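Small disclaimer: the values here were computed from a predicted structure and weren't measured.
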Amino acid sequence: VGSQLFEKRRVQKFYLALVLGHPPWKSEVHLTDRLCDGEGFARRLAAEEETGEEAETFAELLKVGLWPKGPCSRAPLPVALVRLRLMTGRRHQIRLHLSGAGFPVLGDDTYGGNPWGDRAGSYRMFLHSHRLVLEEEKICIEAPCGFADELTQEARSLPFPLTSWPKAVALGALPRVEGS
């Protein structure tokens, strides 16, 4: 049943990411750059005149702050916590869309997310599959994420209202399956 729902695009996929920089987004943004193959396993954004795979990502800014938290010999970097909702599921879609918007995923050495330009500057790539919703089956699977804890005490929530999760999820209408 699950694979059929994916094929019919009846599954909602949500991710969390820490990105380099502070996006100026005041509400959810719609990223629609087309994607095409690059060298090796990497991909790239398609140029205007190129055909490429359609790809849609919605991004929402949740929190801004500095990284890393704790002692570091280098100056802290501005980072932001973003929530992403995929409408399509292309290889490297999130990473390319965020990098193309000027805010690469922290720790993504393929698409410009190396802190301080150093491949060893981050201990991981800060992209996390956070929530999967199978609406027809009334199932919501959620994997906890501690990315907000990676921001320094200077981190601040945003002064403007954020759009919410889908109403069914926000109201707790779907059963949750906690992951570890």
Side-chain angles (χ1 to χ4, degrees), residues 13-47 52 55-132 142-165 179-180:
K13 299 165 277 191
F14 298 91
Y15 290 75
L16 294 173
L18 282 183
V19 298
L20 290 173
H22 290 164
W25 310 326
K26 299 283 187 221
S27 61
E28 188 175 63
V29 295
H30 189 201
L31 306 171
T32 58
D33 294 307
R34 291 181 329 281
L35 312 179
C36 60
D37 290 329
E39 293 183 31
F41 195 67
R43 303 202 75 197
R44 62 184 176 80
L45 299 179
E56 287 185 79
T57 306
F58 288 91
E60 181 179 24
L61 184 59
L62 300 178
K63 196 176 213 179
V64 295
L66 300 174
W67 183 90
K69 182 178 181 178
C72 182
S73 60
R74 299 178 181 189
L77 298 170
V79 296
L81 176 63
V82 296
R83 178 170 43 214
L84 305 140
R85 180 170 49 99
L86 273 68
M87 302 306 292
T88 54
R90 310 289 184 215
R91 179 169 47 94
H92 298 189
Q93 173 178 328
I94 294 171
R95 297 164 64 192
L96 281 162
H97 275 168
L98 289 172
S99 182
F103 305 100
V105 175
L106 176 61
D108 185 352
D109 60 81
T110 302
Y111 301 114
N114 291 333
W116 308 287
D118 180 1
R119 188 172 188 185
S122 173
Y123 66 91
R124 67 165 291 176
M125 182 174 13
F126 286 89
L127 178 62
H128 177 76
S129 177
H130 179 60
R131 182 175 286 162
L132 188 67
E142 190 171 289
C145 178
F147 285 176
D149 297 336
E150 293 282 341
L151 301 177
T152 63
Q153 296 302 325
E154 291 83 15
R156 61 179 172 79
S157 294
L158 300 170
F160 49 87
L162 296 172
T163 58
S164 62
W165 288 104
S180 53

State, to 0.1 Å, how close [X] and [Y] come at their nearest heavy-atom pair, and which atoms those are.
X	Y	answer
P23	A80	CD-CB, 3.5 Å
T88	A55	OG1-CA, 3.2 Å
A17	L127	CB-CD1, 3.9 Å
G52	R34	N-NE, 3.8 Å
P68	P76	CD-CA, 4.3 Å
L20	G112	CD1-O, 4.1 Å

Are Y15 and H130 close enough that their ring centres sit under 6.0 Å apart? no
Measuring from atom [atom1] of [X] to atom [atom2] of [Y], what distance do you get when rounded to the nearest 0.5 angstrom?
X	Y	atom1	atom2	value
L81	E60	CG	CD	10.0 Å
L18	C145	CG	SG	7.5 Å
S129	I94	OG	CD1	8.0 Å
T32	M87	OG1	CE	12.5 Å
L62	F147	CG	CZ	12.0 Å
L45	C36	CG	SG	8.0 Å

Residue that, paired with T57, satisfies side-chain hydrogen bond (donor to acceptor under 3.5 Å, both in side chains) out of Q93, H30, R90: Q93
Closer than 3.5 angstrom, by distance alone: can the side chain of W116 be matched with the main-chain N or O of L77 as a donor-acceptor pair? no
Is a donor on one side and an acceptor on the other found under 3.5 Å between the side chain of H22 and the backbone of V79? yes
Given side chains that start at C-beta, do those of [X] and [Y] come closer than 4.5 Å, heavy atoms only?
X	Y	answer
V64	P78	no
L132	K13	yes
P104	R95	no
L84	L16	no

Do other residues, nucleotides or ligands put more than 12 heavy atoms under 6.0 Å from the CZ atom of R119? no
Tell me every residue that passes salt bridge (charged side-chain N to carboxylate O under 4.0 Å, His left out) with R43, counting only those two or more places apart in sequence or in another chain. D37, E53
Can you list everything that forms a salt bridge (charged side-chain N to carboxylate O under 4.0 Å, His left out) with D149? Sequence neighbours excluded, please. none
Begin with the C-alpha distance, continue with both residues' side-chain angles, and end with the deciding distance and a verdict on side chain to side chain contact (heavy atoms under 4.5 Å, CB included) for D108 and L98. CA-CA 11 Å; D108 185 352; L98 289 172; over 6 Å; no
Parallel, tilted or perpendicular, judged at 30° and 60°: which one describes the rings of F103 and W25? perpendicular
Test side chain to side chain donor-acceptor pair (under 3.5 Å) applied to R74 - qualifying residues, sequence neighbours left out: D118
Report the residue from R131, E142, H128 that forms a side chain to side chain contact (heavy atoms under 4.5 Å, CB included) with F14. R131
Take H97 and L35, measure what side chain to side chain contact (heavy atoms under 4.5 Å, CB included) needs, and give me the verdict at the end. CA-CA 9 Å; H97 275 168; L35 312 179; 4.3 Å; yes
